[in-house]
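So that we are looking at the same thing, I have put the structure below in structure tokens.
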There are 2 protein chains.
Amino acid sequence: MTKLNKPTTIKEIARKLKISPSTVSRALNDHPSIGLVTTMRVKKMAEELNYEPNQTAIFFKQRKTFTIGVVLPTLSEPFFSSAISAIEAVAEDRKYTVLLGQSLDDANRENQIITTFKKHRVDGILMSLGKNTTDLSFVDILASSQIPIVFFDCVPESAAVNRVYCNLASGMEEAIEAFVSRGHKNIALINGPETLLAATERTSSFREALRKQGYEYNEKYVVHTDLTEEGNHIAMEQLCVLPERPSAIVSFNDYVTLDVIRYARSKGIGVGQDMHFISFANYPLWKYMENPPLASIEQYPDEQGRKAAEILFDILDNSDKIGLQEIVFPSKLVFK
Amino acid sequence: MTKLNKPTTIKEIARKLKISPSTVSRALNDHPSIGLVTTMRVKKMAEELNYEPNQTAIFFKQRKTFTIGVVLPTLSEPFFSSAISAIEAVAEDRKYTVLLGQSLDDANRENQIITTFKKHRVDGILMSLGKNTTDLSFVDILASSQIPIVFFDCVPESAAVNRVYCNLASGMEEAIEAFVSRGHKNIALINGPETLLAATERTSSFREALRKQGYEYNEKYVVHTDLTEEGNHIAMEQLCVLPERPSAIVSFNDYVTLDVIRYARSKGIGVGQDMHFISFANYPLWKYMENPPLASIEQYPDEQGRKAAEILFDILDNSDKIGLQEIVFPSKLVFK
DNA sequence: TTGTATGCGTTATCAG
DNA sequence: CTGATAACGCATACAA
């Protein structure tokens, strides 16, 4: 049978010990001005009475909740579940707790989540934007409430915010180089929705990487998908009907490539023979596939998550001294 | 330029309106005793001053945080990321917020997380146990603090707690039936660590399912893995060296099967020809594999998560009237 | 070294 | 219908 304790308070400890609550409070917090004996007595009594500080009272008083909010599109992508694991690890070290919100790429949900986080008085926010977010007004709102926010991975274009992200160009360059050195002439790009910063970046870095290799950029070899399964198939079809079918394809990410490879297989196209693939994400399960892509571009979810969290905590520790932070990781080709 | 507002309080509204704080509070909460005009005036002023209630004060006063904690082994398994998405959805409906903790199958971390949650005064906890948890003393501690907990998926053996889980037997039966009807004689089980409830359950339901089919149970066809990649390979080897090599294998879950299929391929064993597989989890990516297992056993992460959350909220709404809850979902074979 | 008094923002009780 | 007052649990400036 378990007792139903109504939680012990500082006052009770004080009463039992016939000292004042403030002394108890100080003793429990190892305040230097309190005598060793008193401190010991208090701690012993606290232990006996099974005292646990009421954090809600402390949060209230200290105007600090030791909680950070993390907003990301979805946990079903391994990229984000890795990132949040890293974030959680850092938070744990710092004795912070993590509030979770999935936006599911819905801008309204993002706003809703942020509003809730704000109501809960989170000390700070880490966020990776959804694919459809255009309105960033919540940034100003958070600023006026003095809640710092650090973006990671999918970050706003504006440099007026703290950002941690991957430089896609380095990975793209390596990808194109890998294809070129293997003799591919017709290299295509299956890109994401043109509204996405991440997509325009891919296009420009694709273009630039081709140029560096002395290749000509042909816009027929760049198609777009809305990132749905159907969209991915349509994009692939567009490439397959070209007079000179590409033999090498860089795609927006590994999820697109999964669909595209499946499609290729269904059409009798030899994956890794007739057609070769590279994409972004470095999805961990390629090693189980019989015909994986040639390579995948690592974007370091853990490092991004960890760094973003560290920046946030630095700001929280030291809000005055820290200016706007921007960390860019290189992306990196990993052969499969 | 954003203003740095120090948050507006009820008192300020009261002062500006020359009425008392309690009236403001009541007006904001649509208390029936407040006149319509006053209510309007208050709300208008609140709007103007950009008033936002200080939730930490409310939490403190109400002794309720509208926060639930979710403890699970890892988000990197799609099973759990699905589950938490469902949980989050329910929580959002009820205006609750979700605190996240990953145990990484470490019992110490579990205790740590629960302690933190308790300090944060979560209103309730949802939990799926790690693979190594034996000590459930935190259950009593939570009970004495009157923090309800609902377990899902990986639940304690004790029926003295709220539990939502899958009945493995139904899926196992369907699996064995599928193998038998396809003419397999030697059916093996690659099970998890024997310390796991989920493993002993699989063994007994495996045994029972064979019996129902009029097959004899042969313990040589049951091997164990510690669920690491190496352990999975070793288990598979044990089966491969048997004089009558099994042609059909049920394994602990799809992750084991991934490793095992990969191993089989490396040994030149024809997956789906020489050897056929079924496992638990219904991992969403089988459709991309060239040689997927014959089938996978769905364990309904969303339904489990949703149901567990609903039970928790029912308890929170109505703690007296609700007795111990136990919901068992059937597991179900899904062909690939 | 310890105690006293005060306030954090809100709501509930009671009185008017 | 509205106002005054107290209380939640804790920390801290100030007093002793």
Side-chain angles (χ1 to χ4, degrees), chain A residues 5-46 49-67 95 118-123 145-147, chain B residues 5-43 45-46 49-67 95 118-123 145-146:
Chain A
N5 316 314
K6 52 187 74 68
T8 316
T9 70
I10 279 188
K11 284 184 192 166
E12 280 166 47
I13 300 178
R15 198 156 26 77
K16 298 233 179 196
L17 254 35
K18 298 187 199 306
I19 57 180
S20 91
S22 46
T23 305
V24 175
S25 169
R26 286 187 274 240
L28 289 172
N29 292 308
D30 289 311
H31 194 288
S33 76
I34 300 296
L36 189 57
V37 258
T38 324
T39 305
M40 299 297 274
R41 287 202 330 136
V42 167
K43 290 200 171 175
K44 183 150 161 286
M45 180 60 75
L49 297 183
N50 222 319
Y51 170 75
E52 293 206 46
N54 181 339
Q55 288 290 3
T56 64
I58 297 174
F59 293 160
F60 172 45
K61 181 123 194 29
Q62 316 266 278
R63 295 141 171 289
K64 202 161 164 6
T65 59
F66 295 95
T67 301
K95 310 288 180 208
K118 198 172 144 220
K119 286 214 313 212
H120 276 248
R121 292 288 207 269
V122 296
D123 295 334
S145 304
Q146 280 156 291
I147 300 178
Chain B
N5 317 314
K6 53 189 73 73
T8 316
T9 71
I10 280 189
K11 285 182 190 169
E12 279 168 46
I13 300 179
R15 197 155 30 78
K16 299 233 179 200
L17 255 35
K18 298 187 198 307
I19 57 180
S20 90
S22 38
T23 304
V24 174
S25 169
R26 283 186 280 236
L28 290 171
N29 292 306
D30 289 310
H31 194 287
S33 77
I34 300 295
L36 189 56
V37 258
T38 323
T39 304
M40 298 295 274
R41 286 196 338 131
V42 167
K43 290 201 172 174
M45 181 60 76
L49 298 183
N50 223 318
Y51 171 74
E52 293 205 47
N54 181 340
Q55 288 290 2
T56 63
I58 297 175
F59 294 160
F60 171 46
K61 183 131 212 339
Q62 318 261 279
R63 295 140 173 287
K64 202 160 166 3
T65 59
F66 294 96
T67 302
K95 310 288 178 205
K118 197 172 145 222
K119 286 214 312 210
H120 276 247
R121 292 287 207 270
V122 295
D123 294 334
S145 304
Q146 282 157 290

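Letters A, B, ... are given to chains in the order of the sequence lines, protein chains preceding strands, and every chain is numbered from 1.
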Do any side-chain nitrogens or oxygens of B:Ser33 fall under 4.0 Å of OP1 or OP2 in D:dC1?
-> no

Hits for salt bridge (charged side-chain N to carboxylate O under 4.0 Å, His left out) against A:Lys64, two or more places apart or cross-chain, chain-then-number order -> A:Asp123

Letter by letter from the 5' end, nucleotides 8-16 of chain D scores (B base, S sugar-phosphate only, - none; protein heavy atoms under 4.0 Å) BBBBBB---

Figure out the CD1/P separation between B:Ile19 and D:dT5, and round it to whole Å.
-> 17 Å

Taken in chain and number order and not counting sequence neighbours, the residues that satisfy salt bridge (charged side-chain N to carboxylate O under 4.0 Å, His left out) with B:Lys16 are none

Look at all strands and tell whether A:Thr38 reaches a base, only sugar-phosphate, or nothing, counting heavy atoms closer than 4.0 Å.
-> sugar-phosphate

Has the side chain of B:His120 got a donor or acceptor atom that lies under 3.5 Å from a matching backbone atom of B:Val122?
-> no

Listed by chain and number, what are the side chain to side chain donor-acceptor pair (under 3.5 Å) partners of A:Lys118, not counting sequence neighbours?
-> B:Glu52

In whole angstroms, the gap separating C1' of C:dT11 from CZ of B:Phe59 amounts to 15 Å

Whole-Å distance between C:dT2 P and A:Asp30 CG?
-> 14 Å

How far does OG1 of A:Thr9 sit from NZ of A:Lys11, to the nearest 0.5 angstrom?
-> 6.5 Å

Let me know the distance between CD1 of B:Ile34 and P of D:dG3, rounded to the nearest Å.
-> 8 Å

B:Leu28 CG to C:dT11 P: how many Å, rounded?
-> 8 Å

Determine to 10° how strongly the helix from C:dT1-D:dA16 to C:dG16-D:dC1 is bent, judged from the axes of its five-pair ends.
-> 40°

Could you state the NE2-P distance from B:His31 to C:dA12, rounded to the nearest angstrom?
-> 8 Å

Just jot down the salt bridge (charged side-chain N to carboxylate O under 4.0 Å, His left out) partners of A:Lys119, sequence neighbours excluded, or say none.
-> none

Tell me, please, which residues at least two apart from A:Ile19 pass side chain to side chain contact (heavy atoms under 4.5 Å, CB included).
-> A:Leu17, A:Thr23, A:Val24, A:Thr38, A:Arg41, A:Val42

For B:Phe66, ring pair (Phe, Tyr, Trp, His ring centres under 6.0 Å) partners two or more places apart = B:Tyr96

Given atom NZ of A:Lys18 and atom P of C:dG3, what is their separation to the nearest angstrom?
-> 13 Å

If you look only at pairs with a residue in residues 26-40 of chain A, which of them pass as a salt bridge (Lys or Arg N to Asp or Glu O under 4.0 Å), with sequence neighbours excluded?
-> A:Asp30-A:Lys43

Rounded distance in Å - CE (B:Met40) to C1' (D:dC1) = 17 Å

